Asker: 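One structure, pasted below without further comment.
Each residue takes its place number in the sequence, starting with 1. Owing to the predicted nature of the structure, the values given are computational and were not obtained by experimental measurement.
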Amino acid sequence: GSPLSLLASRLYGKPFAVTEFDFAKPNRFRAEGPALLGAYGALQDWDMLVQFAYSHGRENYQRDDRANNHFDLSTDPIKSIAHRIGAALFFDGGVKPASDAVAVLLDEKADIPFDSNYNRAVARLGLITRIGTAVMPNTTDAPCPENFAAVLNAGIAFPDNAAGADNAKVFNAAPDYEQLLNDLLNAGMIPKDHCDPATGFFRSIGGELELNQSKGTFQAITDACEAFILPAGEKARGRFLAAESLLGRAVIAAVAAEAQPLRLAKRILLLHLTDTQATKAKFASPAMEQLDSWGEPPFLAARGEATITLLATAGRNYRLHAVNTAGKRLATVPLIPGADGTLSFKAQVFTDAGQVFAYELEALP
C-alpha cells in the first residue's frame with residue numbers, strides 16, 4: 001500500500017494501474033493513506049487506483065453489527081471518509097503530473113536476478129518527479145518511450161547503446177550508492193529547495209506536494225483540494241485553508257464539490273480526521289501493533305482538536321455545518337472573523353451534537 005514501494009515499478013510506455021491497495025484496520029494512521037497514494041499517484045501520472053475492498057459480502061454493508069474486517073470500507077468509517085481526499089487529489093482538479101521524468105534503464109536481453117533491488121533513493125526521488133523503469137532494446141536505433149531529464153544506472157543490466165540515453169545525464173543508482181539524491185541536486189536536476197535528504201524533506205516539481213519525514217507532516221495544495229497531515233503542535237498553510245493541530249495527529253482537508261476551485265465552490269467538504277476503533281477491541285500493547293480481538297460496534301472516535309482557518313474569503317459569505325458520517329447536518333458552527341479578513345473555527349471531534357469528523361461549508365448568495 002505504501003506509495004514508495006510502488007513508484008519505480010511503473011514501466012514507461014505502458015499504462016499503469018494499482019489494482020489493489022489498502023491501509024488496513026486497525027492501523028491508527030490509515031486515514032492518511034488515501035491522501036498520500038492519491039497525491040503521489042497523480043504526480044506520477046498513474047492511470048488507475050483500486051481500493052481493496054468495499055465489502056466482503058453483503059452482510060458487511062447491510063448489517064450494523066459488523067466490525068471484523070481489516071480491509072472493507074463498509075465497516076471502517078474513518079477510512080471511507082479519507083478516500084474522498086485521495087480521490088479529489090487523484091482526479092481532475094487535483095495534483096498535476098510532474099513535467100519531468102527520470103528512468104532506470106534496463107537492457108531487455110539481460111539476465112537480472114530475481115532478488116535484485118533498486119537503490120532506495122530511486123523511490124524517494126518519486127516524491128519529487130515522475131520515475132519508473134524503461135526496458136530498452138540494446139540497439140543504437142531503439143527510441144526511449146519519452147524524453148527523460150535523467151537516466152539511472154541501477155548497477156545491473158544497464159544498456160550500453162540505448163538511443164536516448166546519451167541525450168540525458170546518467171547517474172549512478174547502484175543499490176549501495178548513498179549519494180544519488182545529492183548528485184542530482186548538485187547537477188541541478190532537482191531544485192535545491194525541493195529536497196533535503198538529511199531531514200527527509202521532499203517538495204514535488206510543481207510545488208503542490210510537500211513531505212517532511214522528520215516532522216511527520218504532509219501537505220497537498222491544489223485548486224480543488226487542500227490536505228494536511230499534522231501531528232499535534234504542527235501547522236500548515238495553503239491558498240484557501242490553514243490549520244493547526246492542537247490535540248492529536250490529524251488529517252485536515254478541504255474538498256470542493258464537483259471539482260471546482262475552492263475559492264469559487266458553492267459547497268466544500270471540510271474534514272478533520274483522527275481515528276476510529278471498535279468498542280471492546282483488544283490490543284496486545286498500548287502501541288496497538290497487534291490486534292487480539294475485533295471488538296464490536298459502535299465505533300469509537302479518537303479525540304482531536306484543531307484550529308481551521310479559511311483564507312480566501314474576500315467578497316464571500318459562508319455558513320458552516322457540522323455533519324455526521326452520513327452527511328446529515330448536526331449543528332451550525334460559528335465562523336470567527338479575523339482582522340486579516342479570514343474566518344476560523346475550532347474543530348473538535350467530541351461535541352455536544354455528537355462526534356464530528358466532517359463539516360459542510362456552504363457559500364451564501
Side-chain angles (χ1 to χ4, degrees), residues 23 27-36 38-39 77-86 88-89 209-212 215-222 225-256 262 265 267-277 299-313 318-325 327 329-362:
F23 299 86
N27 180 345
R28 57 195 173 93
F29 302 105
R30 68 194 182 283
E32 305 170 20
L36 291 169
I78 200 73
K79 187 165 63 176
S80 178
I81 298 171
H83 273 272
R84 274 66 176 174
I85 305 171
L89 294 173
L209 307 180
E210 289 187 8
L211 179 72
N212 191 317
K215 290 185 175 182
T217 62
F218 167 79
Q219 69 177 42
I221 309 298
T222 74
C225 178
E226 296 187 1
F228 312 128
I229 297 174
L230 299 174
E234 291 291 341
K235 301 178 181 179
R237 185 181 184 92
R239 296 190 295 267
F240 180 84
L241 195 70
E244 179 180 7
S245 182
L246 304 174
L247 177 68
R249 186 176 177 89
V251 182
I252 297 170
V255 180
L262 287 163
R267 294 174 66 238
I268 295 170
L269 176 65
L270 294 180
L271 296 174
H272 172 224
L273 306 180
T274 54
D275 186 23
T276 55
Q277 299 292 342
F299 294 99
L300 307 177
R303 185 182 175 193
E305 297 180 4
T307 299
I308 297 177
T309 302
L310 311 178
L311 304 174
T313 60
Y318 292 98
R319 183 181 293 124
L320 184 67
H321 309 277
V323 299
N324 66 13
T325 55
R329 292 177 179 177
L330 299 176
T332 300
V333 179
L335 288 168
I336 303 170
D340 54 356
T342 61
L343 296 170
S344 64
F345 70 100
K346 186 175 182 179
Q348 296 177 290
V349 173
F350 296 154
T351 75
D352 292 340
Q355 287 69 52
V356 174
F357 291 128
Y359 302 83
E360 176 190 354
L361 183 64
E362 177 187 19

Asker: What is the minimum heavy-atom distance between V323 and L330, and which atoms define it?
Answerer: C-CD1, 3.8 Å
Asker: So, are R249 and D275 salt-bridged, with charged N and O less than 4.0 Å apart?
Answerer: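 D275 and R249: not salt-bridged.
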Asker: If I take atom CD from residue Q219 and atom CG from residue L211, how far apart are they, to the nearest 0.5 angstrom?
Answerer: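 Those atoms lie 10.5 Å apart.
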Asker: Checking side-chain contact (heavy atoms from CB on, under 4.5 Å) against E226, which of L241, V255, I252 comes through?
Answerer: L241
Asker: Minimum heavy-atom separation for L89 to A220, with atom names?
Answerer: CD2-CB, 3.8 Å
Asker: Let me confirm one number: the CD1-CZ distance from I308 to F345, rounded to the nearest 0.5 Å.
Answerer: 4.0 Å
Asker: Any non-hydrogen side-chain atom of F218 less than 4.5 Å from a side-chain atom of N212?
Answerer: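 No, their side chains stay 4.5 Å or more apart.
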Asker: Would you call R319 and E362 a salt bridge, taking side-chain N to carboxylate O under 4.0 Å as the test?
Answerer: yes
Asker: Where do R237 and L311 land on the side-chain contact (heavy atoms from CB on, under 4.5 Å) test, with the steps shown first?
Answerer: CA-CA 9 Å; R237 185 181 184 92; L311 304 174; 3.6 Å; yes
Asker: Working to the nearest 0.5 angstrom, can you tell me the gap between H321 NE2 and E360 CD?
Answerer: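 Answer for the NE2-CD pair, H321 versus E360, is 5.0 Å.
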Asker: Give, for atom CG of L310 and atom OG of S344, the distance between the pair rounded to the nearest 0.5 Å.
Answerer: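 One finds 8.0 Å between CG of L310 and OG of S344.
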Asker: How far apart are the C-alpha atoms of E32 and R30, what are their side-chain angles, what is the distance that settles it, and do they pass the salt bridge (Lys or Arg N to Asp or Glu O under 4.0 Å) test?
Answerer: CA-CA 5 Å; E32 305 170 20; R30 68 194 182 283; over 6 Å; no
Asker: Hey, does I221 have a side-chain heavy atom less than 4.5 Å from the side chain of R239?
Answerer: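 Result yes, sub-4.5 Å side-chain heavy-atom pair found.
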Asker: Given I268 and F240, is the side-chain contact (heavy atoms from CB on, under 4.5 Å) satisfied, shown in steps?
Answerer: CA-CA 11 Å; I268 295 170; F240 180 84; 3.5 Å; yes
Asker: Is any side-chain heavy atom of L343 closer than 4.5 Å to a side-chain heavy atom of P337?
Answerer: yes
Asker: CD1/I229 to OG1/T217 distance, rounded to the nearest 0.5 angstrom?
Answerer: 8.5 Å
Asker: Check the surroundings of atom CG in D340: do more than 12 heavy atoms from other residues, nucleotides or ligands lie under 6.0 Å from it?
Answerer: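 Check passes, neighbour count above 12.
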Asker: Carefully, step by step, assess L320 and T332 under the rule side-chain contact (heavy atoms from CB on, under 4.5 Å).
Answerer: CA-CA 6 Å; L320 184 67; T332 300; 6.0 Å; no
Asker: Scan V356, T276, T274 and name whichever one has a side-chain contact (heavy atoms from CB on, under 4.5 Å) with V349.
Answerer: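 Result for side-chain contact (heavy atoms from CB on, under 4.5 Å) with V349: T274.
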Asker: Hey, does I85 have a side-chain heavy atom less than 4.5 Å from the side chain of L271?
Answerer: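 Yes - at least one pair of side-chain heavy atoms lies under 4.5 Å apart.
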Asker: Could you tell me whether R267 atom CZ has more than 12 heavy atoms of other residues or ligands within 6.0 Å of it?
Answerer: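 No, not enclosed.
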Asker: Look up atom CD in E305 and atom CZ in F350, then write down how far apart they are to the nearest 0.5 Å.
Answerer: 9.5 Å
Asker: For H83, is there any backbone N or O sitting under 3.5 Å from a side-chain donor or acceptor partner on S80?
Answerer: no
